[in-house]
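Everything below concerns the one structure shown next.
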Amino acid sequence: VGLLGLPNAGKSTLIRAVSSARPKVADYPFTTLHPHLGVVRVGPDRSFVIADVPGLIEGAAVGAGLGHQFLRHLARTRLLLHVVDLVPLDPVADPVHDARAIVAELKKYDEALYRKPRWLVLNKTDLLPPGESDAAAARLLKALRWRRRSFCISALSGAGCSELARAIMTHLESTRTGQAL
């Protein structure tokens with residue numbers, strides 16, 4: 001499973017929340033400089049590997065920010081988790097534009113990577129007042145016209161992370177048997 005998203009979307013925090021991997025986490029862009037792997041254990045004899053790659057930026061498909069190197073890692077995965085910061089700290093940030101920019105980079109780089117199963121993971125719900133995360137997620141999903149699987153999580157607090165891990169495991173097991181979800 002590969003994590004993709006902009007710098008500071010919470011990819012490293014997510015891999016720390018679901019595995020024993022301990023990549024550096026900080027509140028500045030490009031904290032992750034090299035891919036990190038973690039093993040997610042969902043139960044006895046049920047586990048998968050998750051890859052945290054450095055954040056992608058616009059232009060990654062043509063090599064910006066070492067984009068080719070990181071996109072190549074994602075090409076080896078069976079499922080992509082597109083981590084989106086639901087509550088960006090930058091007041092001019094636009095999560096919808098940012099999510100579309102990442103998808104455009106996938107398509108420019110490799111059609112097969114673009115067509116790979118991809119789920120949307122809306123992160124940092126803990127930064128919203130109680131009860132507002134569902135409405136914020138619904139607005140974002142509607143703006144993106146997203147019809148595939150999506151999850152709202154807080155990688156920092158762990159909220160929603162075990163449900164996400166179980167859904168991933170179920171998906172991976174079903175694809176092994178040809179019953180993709």
Side-chain angles (χ1 to χ4, degrees), residues 1-6 9-23 32 35-56 60 70-86 95-96 98-107 109-126 133-134 136-181:
V1 175
L3 300 177
L4 74 135
L6 288 178
K11 298 175 301 297
S12 295
T13 305
L14 176 56
I15 197 172
R16 289 175 69 101
V18 297
S19 77
S20 59
R22 292 294 170 248
T32 302
H36 294 275
L37 299 177
V39 176
V40 179
R41 299 201 186 288
V42 180
D45 300 321
R46 294 181 77 213
S47 64
F48 60 89
V49 175
I50 192 165
D52 172 24
V53 300
L56 298 176
F70 303 143
L71 287 165
R72 216 177 353 231
H73 286 287
L74 295 174
R76 297 184 196 122
T77 64
R78 292 181 25 210
L79 174 66
L80 298 174
L81 298 181
H82 185 166
V83 182
V84 175
D85 186 343
L86 190 57
V96 172
D98 296 342
R100 287 183 178 145
I102 294 295
V103 172
E105 293 303 319
L106 293 177
K107 192 169 190 173
Y109 177 73
D110 180 21
E111 188 73 24
L113 183 58
Y114 170 74
R115 294 194 181 284
K116 191 175 291 275
R118 184 172 13 99
W119 295 354
L120 202 58
V121 178
L122 306 176
N123 190 25
K124 302 186 184 180
T125 58
D126 57 301
S133 63
D134 288 343
R139 284 190 301 272
L140 186 92
L141 295 171
K142 182 178 180 181
L144 288 171
R145 296 183 184 138
W146 189 259
R147 303 276 185 259
R148 293 181 241 159
R149 298 217 46 194
S150 64
F151 294 83
C152 288
I153 67 161
S154 168
L156 185 63
S157 73
C161 291
S162 39
E163 294 86 353
L164 174 61
R166 285 193 302 273
I168 293 167
M169 189 75 246
T170 300
H171 171 79
L172 295 174
E173 289 170 340
S174 71
T175 58
R176 277 189 216 130
T177 62
Q179 305 168 357
L181 300 174

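Computed from heavy atoms alone, side chains included, the values below leave out hydrogens, waters and symmetry copies. From a predicted model like this one, the values you see are computed outputs, not experimental measurements.
For R41, the CZ atom counts as loosely surrounded, since its 6.0 Å shell holds 12 or fewer non-hydrogen atoms of other residues, nucleotides or ligands.
For the pair N123 (side chain) and V83 (backbone), a donor-acceptor distance under 3.5 Å is absent.
The minimum heavy-atom distance between A17 and A155, with the atom names listed, is CB-O, 3.5 Å. Nearest heavy-atom pair, W119 versus A167, reported as atom, atom and distance to 0.1 Å: CH2-O, 3.5 Å.
Proximity of L14 to C161: side-chain heavy atoms (C-beta onward) are separated by under 4.5 Å at one or more points. In this structure the side chain of H171 never reaches within 4.5 angstrom of the side chain of R78, judged on heavy atoms.
Residues that satisfy the side chain to side chain donor-acceptor pair (under 3.5 Å) test with S157, not counting sequence neighbours, are S154. Not counting sequence neighbours, the partners of R166 by the side chain to side chain contact (heavy atoms under 4.5 Å, CB included) test are V42, S162, E163. Remark: V103 engages H82, Y114, R118 in a side chain to side chain contact (heavy atoms under 4.5 Å, CB included) (not counting sequence neighbours).
Checked for salt-bridge contact, D85 and K124 meet the test: a charged N lies under 4.0 Å from a carboxylate O.
Between the SG atom in C152 and the CG atom in L140 there is a gap of 9.0 Å [rounded to 0.5 Å]. In this structure, the separation between CG on L172 and OG on S47 is 10.0 Å, given to the nearest 0.5 Å. Between atom NZ of residue K107 and atom CZ of residue R100 there is a gap of 13.5 Å, rounded to the nearest 0.5 Å. The distance from atom CG of D98 to atom CG of L6, rounded to the nearest 0.5 Å, is 4.5 Å. For the atom pair I15 CD1 and L37 CG, the distance stands at 6.5 Å (nearest 0.5 Å). Note: L79 CG to F48 CZ = 8.5 Å, rounded to the nearest 0.5 Å.
Evaluated for a side-chain contact (heavy atoms from CB on, under 4.5 Å) with L80, the options L3, V1, L106 yield exactly one hit, L106. A side-chain contact (heavy atoms from CB on, under 4.5 Å) with I168 holds for exactly one of V18, L81, V40; it is L81.
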Exercise. Run the side chain to side chain contact (heavy atoms under 4.5 Å, CB included) check on V96 and K142 step by step: do they pass?
Worked result: CA-CA 10 Å; V96 172; K142 182 178 180 181; over 6 Å; no

